[in-house]
2 protein chains.
Amino acid sequence: MPKPGPGLRLIDVAHRAGVSLATASRALAGREGVSEEVANRVRQVADELGYVANPFARTLAGGASTTVGLIVHQVDDPYFAEIAGGVIGLADEQRLLVQICHSGRDPGHELRQIRHLIAQRAGIIIIAGSGYDDPRAEAEAEAVLSGYQRGGGRVAVIGRHALGADAVLPDNEAGGHAVTAHLLGLGHRRIAVAAGAPGLNTVIDRMAGVASALREHGLSLDDLPVVHTDFVREGGRTATERILAEHPSTTAIIALNDAMAMGVLAMLRERGIGVPTRMSVVGFDDVSVAADLAPSLTTVRLPMIDMGRMALELALEPAGAGPRRRPTGHQLIVRDSTGPAPDQSR
Amino acid sequence: MPKPGPGLRLIDVAHRAGVSLATASRALAGREGVSEEVANRVRQVADELGYVANPFARTLAGGASTTVGLIVHQVDDPYFAEIAGGVIGLADEQRLLVQICHSGRDPGHELRQIRHLIAQRAGIIIIAGSGYDDPRAEAEAEAVLSGYQRGGGRVAVIGRHALGADAVLPDNEAGGHAVTAHLLGLGHRRIAVAAGAPGLNTVIDRMAGVASALREHGLSLDDLPVVHTDFVREGGRTATERILAEHPSTTAIIALNDAMAMGVLAMLRERGIGVPTRMSVVGFDDVSVAADLAPSLTTVRLPMIDMGRMALELALEPAGAGPRRRPTGHQLIVRDSTGPAPDQSR
DNA sequence: CTGAAAGCGCTAACAT
DNA sequence: ATGTTAGCGCTTTCAG
């Protein structure tokens, strides 16, 4: 397709700087064996000419690849959009290019994307999004990735623990605990959970946090309705419908992410159920619109943009002895969608 | 079980199939000049061995690049996230990889990104987002891109007209007209506009639509306050502050995109100004959260996801004689943020 | 410290 | 129809 790029090659820079190809290469790669003086001259000339190495030639010749592959569920999901924004932000600074693909929360498709990225010789692969409770798929992904890592590829994951790679781990359990404790503190006891697919690690972890908070108040998950639907807005709507129909006395709904919470709020609005007067609602993630919803959403803030950056930072460092883990921290953000439990004591 | 073997080269496949390198290359590329029989044998051997071509070698040697570069303002802006989602969706189907970079709405940075993408030998470049009213920057971008296109690169743009490339053109003017006519129809006359930077084509076009609707009602843009701030949420907030302070009798605010509209709504909420009772608000784009805001936002729907797909479709077709243009259509979505003008007859 | 030269794996002219 | 060969632009020995 595209034949000539800028047509500017390393050899041109070399000539212009009055040095050989090899020296120019060394200078720009910051390798040993060039005097500071010459190296600086070369770098300056390269700069002036706006030289950018041809990554294909570079990689083919055995150099490092400068593209990072990023796999997300969907970029047009705000959670992943923010993560992607973080990755791209740091990548820009490092002059790296980011290739984004969608996993669609389908383990098979995700595996295909990983393979594709490897075949394209991405030097770094970042996988964002929940792992699956699907041992076979996970094992295969792990096998492929560990082969890739053995070959020098760097991998970082966001929000999954079982992949033998450096990981950014969102505070899912602690966050689930925080948000549940908040509700319990407001006096709510008839709480329902709008959860995503039960096979997603994220769902499992957040549920664990919910469960532990309940336990501290002498309750158990078994006491409350947990509705598993899709981990997206529409799932929140249908979950709410079910909760309303089957457990009308519910006073609070925990949505396991903000997308679902938006669906929950929408359905409550349609049904004319006041929030938080008759029903409190909490979400999880604090996507940027959470503050603008009707009413503004109480949720757990996860630093998505930073998470993206952190993942790339991890991947940029040389591999350690074992997988590194980097927790994200979290913050309970109380807004207008939660209030005291209505007094329905008798 | 075929496993993509690094170290497995085309020459190995060729030997194994008892043909020459060139023949194997032709067979796998589906090019002319190989008997069906031989071609099939080669393909089968390649399959058995799990051969995957090295894209770097392929591209370096002048083959087609399978990556498409996408430049957006920011992926974590919902408007661009949806466009990106559309591009990636189609790219996935075509087994293409998408490289995303941020322009940050800075002409200089955008130009740098274009150059970077070209240097990376992206076969296709898609630029989403408004052009700038900056002749020098635009001219330079056009020059670089036309060189790229002359070399066989394909370019498609979304929402800018002055780049000599195939374009997807959002119905900015018609949409601006529609939304303004809606307000006028509700009896509003004291209308203010919260606009983005005056140099953005998108802003200019949408304003033109606003102006034409006003004209039909015997009004003119000069009659109303137009506040230019940043084309993002925060800009909507500050614009609203100014409008409230300087034109307290305003009954409706036109925000030139949904992000700004969100800021407008937020500020009105803070000030305790009822929407739509005391103030109507309209946005533009219909990002997916527009329906979930407080109150839900009246806006103009643009098919962002399709726009992304269309752009890639255009780029995938061979270049035409001249630049193709593809309008998007639009749809006025009336929700709860607009109502009749309050009766302040004096 | 620097330069010359040998590939990396593939495509595409050029031969046969 | 098939084979031979010259690069693509870079990194990396290996000489000097």
Side-chain angles (χ1 to χ4, degrees), chain A residues 1-43 45-46 49-67 118-121 123 151-152, chain B residues 4-43 45-46 49-67 118-121 123 151-153:
Chain A
M1 291 172 104
K3 260 312 180 37
L8 186 63
R9 293 156 313 163
L10 182 53
I11 186 98
D12 302 322
V13 175
H15 284 158
R16 183 78 163 248
V19 299
S20 76
L21 181 59
T23 301
S25 172
R26 290 184 188 110
L28 293 182
R31 244 169 298 139
E32 286 300 279
V34 200
S35 65
E36 256 320 298
E37 187 197 328
V38 173
N40 280 332
R41 180 151 38 92
V42 172
R43 276 191 281 263
V45 170
L49 268 43
Y51 169 76
V52 182
N54 179 325
F56 294 93
R58 190 205 283 282
T59 306
L60 180 57
S65 154
T66 59
T67 82
I118 293 176
Q120 298 278 343
R121 306 297 195 278
Chain B
L8 185 61
R9 293 155 314 161
L10 181 53
I11 186 88
D12 302 323
V13 175
H15 285 159
R16 183 79 163 248
V19 299
S20 77
L21 181 59
T23 300
S25 173
R26 291 183 187 109
L28 293 182
R31 246 170 296 144
E32 285 301 276
V34 200
S35 66
E36 255 321 297
E37 188 197 328
V38 174
N40 281 331
R41 180 151 39 93
V42 172
R43 277 190 280 261
V45 170
L49 266 43
Y51 169 76
V52 180
N54 180 326
F56 292 89
R58 191 205 282 281
T59 305
L60 181 59
S65 152
T66 59
T67 82
I118 293 176
Q120 298 277 344
R121 304 301 191 278

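Hydrogens, waters and symmetry mates are skipped; everything else that's a heavy atom, side chains included, is used. Here is how names work: the chains are called A, B, and so on, in the same order as the sequence lines, proteins then strands, and each is numbered from 1.
Here B:Ser35 lies in heavy-atom contact (under 4.0 Å) with sugar-phosphate atoms only.
C:dC10 atom P lies 9 Å from atom CG of B:Leu28, rounded to whole Å. A:Gln120 has its CD atom 17 Å from the P atom of C:dG9, to the nearest Å. Look at NE2 on A:His15: it is 14 Å from C1' on C:dT2, rounded to the nearest Å. As a whole-Å value, the separation of A:Arg26 CZ from C:dT2 P is 9 Å. Here the C1' atom of nucleotide D:dT2 and the CZ atom of B:Arg31 are 13 Å apart, to the nearest Å.
Within the model, atoms OG of B:Ser20 and CG of B:Leu10 stand 9.0 Å from one another, a figure rounded to the nearest 0.5 Å.
Regarding contacts with the backbone of D:dT2, every side-chain N or O of B:Ser20 stays at 4.0 angstrom or more from both OP1 and OP2. For C:dT11, one of the phosphate oxygens OP1 or OP2 lies less than 4.0 angstrom from a side-chain nitrogen or oxygen of B:Ser25.
A heavy-atom distance below 4.5 Å is not found between the side chains of B:Arg58 and B:Asn54. Annotation: side chain of A:Val42 is not in contact with side chain of A:Arg26 (no heavy-atom distance under 4.5 Å).
Side-chain atoms of B:Asn40 do not come within 3.5 Å of backbone N or O of B:Glu37 as any donor-acceptor pair.
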Under 3.5 Å, which protein N or O atoms sit close to an N or O of nucleotides 6-9 of chain D? Give each pair with its distance.
unit_1: D:dC8; atom_1: O2; unit_2: B:Leu60; atom_2: O; d: 3.1
unit_1: D:dC8; atom_1: O2; unit_2: B:Ala61; atom_2: N; d: 3.2
unit_1: D:dG9; atom_1: N2; unit_2: A:Ala57; atom_2: O; d: 3.3

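Annotation for B:Arg16: atom CZ does not count as buried by contact number, only 12 or fewer foreign heavy atoms lying within 6.0 Å.
A donor atom on one side chain and an acceptor atom on the other are not found under 3.5 Å apart for A:Arg121 and A:Thr67.
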